[in-house]
Amino acid sequence: MRKNSIKNTRINSEVQRELANIIRGEIKDPRIHPLTSVVAVEVAPDLKTCKVYISVLGDEEAQAKTLEGLRSAVGYIRRQLAHTLNLRNTPELRFVMDQSIEYGVRMSKLIDENRVEERPEEETEQKKEDEE
């Protein structure tokens with residue numbers, strides 16, 4: 001089976017949806033930040049392993065605690081996943097911190113700051129043109 005087959009893509013999306021529901025609604029660990037999202041899931045074609053990319057909207061301490069909490073609850077999460085999904089094998093979960101959302105927010109902020117700095121110069125140039 002190819003890695004990007006239709007079946008594997010469907011399994012990835014189902015696992016991602018169910019993991020998001022389990023993390024959001026069923027885990028009561030206080031270490032897990034409430035703004036934790038499952039960004040992407042990569043299930044191996046043999047359904048033995050699964051890489052779960054998570055994003056936490058918070059500082060580095062909140063991210064580290066969330067990752068620690070998820071790793072300690074991996075047995076419970078895997079059992080719940082086995083109950084909700086009808087797969088031949090329930091994959092072994094590995095949680096990986098994904099920084100892409102945080103990176104995007106930071107870049108957007110830098111772009112906005114740059115635009116604010118450029119606007120006064122443009123306005124003064126526009127006024128000079130209007131006066132002539």
Side-chain angles (χ1 to χ4, degrees):
M1 178 170 39
R2 293 178 321 217
K3 187 171 184 173
N4 294 330
S5 68
I6 294 171
K7 180 181 178 184
N8 201 348
T9 304
R10 184 174 48 84
I11 289 172
N12 285 343
S13 65
E14 285 292 317
V15 170
Q16 180 179 356
R17 186 172 50 83
E18 289 302 325
L19 281 174
N21 289 337
I22 292 168
I23 291 171
R24 182 184 57 231
E26 297 181 22
I27 298 179
K28 305 296 184 215
D29 193 337
R31 294 177 289 187
I32 298 175
H33 197 272
L35 295 176
T36 301
S37 59
V38 179
V39 177
V41 170
E42 290 179 6
V43 180
D46 63 353
L47 302 178
K48 297 287 185 188
T49 61
C50 175
K51 227 183 224 186
V52 181
Y53 295 95
I54 61 165
S55 177
V56 178
L57 196 62
D59 59 350
E60 290 182 16
E61 182 182 345
Q63 292 174 356
K65 284 184 179 181
T66 298
L67 207 53
E68 181 184 332
L70 287 172
R71 287 181 179 153
S72 71
V74 74
Y76 174 78
I77 295 170
R78 190 173 178 200
R79 186 172 61 245
Q80 291 301 106
L81 198 61
H83 287 300
T84 56
L85 295 178
N86 187 17
L87 295 175
R88 179 174 296 166
N89 297 320
T90 304
E92 180 182 326
L93 303 174
R94 288 185 302 160
F95 291 100
V96 178
M97 191 59 66
D98 183 36
Q99 305 291 342
S100 62
I101 294 176
E102 182 180 325
Y103 178 78
V105 168
R106 189 166 47 96
M107 284 296 136
S108 179
K109 213 181 267 189
L110 289 172
I111 290 171
D112 289 343
E113 288 174 2
N114 193 14
R115 283 185 182 165
V116 169
E117 289 174 3
E118 287 179 1
R119 284 187 182 150
E121 294 172 4
E122 291 174 359
E123 291 173 2
T124 56
E125 289 176 7
Q126 186 69 24
K127 287 180 184 178
K128 287 179 183 177
E129 291 176 2
D130 290 340
E131 290 174 0
E132 294 174 356

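Numbering of residues begins at 1 and proceeds along the displayed sequence.
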Legend entry - Salt bridge flag under 4.0 Å for residues K65 and E61: yes

Legend entry - Contacts of type salt bridge (charged side-chain N to carboxylate O under 4.0 Å, His left out), residue E18, not counting sequence neighbours: none

Inset, instruction - Kindly write out the residues that satisfy salt bridge (charged side-chain N to carboxylate O under 4.0 Å, His left out) with E60, not counting sequence neighbours, or none if the list is empty. - result: none

Inset, instruction - Please check if the side chain of K28 supplies one atom and the backbone of G25 the other of a donor-acceptor pair under 3.5 Å. - result: yes

Legend entry - Expected output: side-chain Q16 to main-chain V39 donor-acceptor under 3.5 Å: yes

Working to the nearest 0.5 angstrom, can you tell me the gap between [X] [atom1] and [Y] [atom2]?
X    : Y    : atom1 : atom2 : answer
S55  : L35  : OG    : CG    : 9.5 Å
I111 : R106 : CD1   : CZ    : 11.5 Å
I27  : L70  : CD1   : CG    : 6.0 Å
L57  : T66  : CG    : OG1   : 11.0 Å

Inset, instruction - Report yes if some heavy atom in the side chain of L67 is under 4.5 Å from a heavy atom in the side chain of Q63; otherwise report no. - result: no

Inset, instruction - Answer whether the closest heavy-atom distance between the side chains of V52 and V15 falls below 4.5 Å. - result: no

Could you pull out the closest heavy-atom pair between [X] and [Y], with the gap in Å?
X   : Y   : result
A44 : N8  : C-ND2, 4.5 Å
V43 : C50 : CG2-SG, 3.8 Å
A62 : H33 : CB-CD2, 3.8 Å

Sequence neighbours left out, cut at 3.5 Å: what donor-acceptor pairs do the side chains of residues 80-95 make with other protein atoms?
{"unit_1": "Q80", "atom_1": "NE2", "unit_2": "E26", "atom_2": "OE1", "d": "2.7"}
{"unit_1": "T84", "atom_1": "OG1", "unit_2": "Q80", "atom_2": "O", "d": "3.2"}
{"unit_1": "T84", "atom_1": "OG1", "unit_2": "L81", "atom_2": "O", "d": "3.3"}

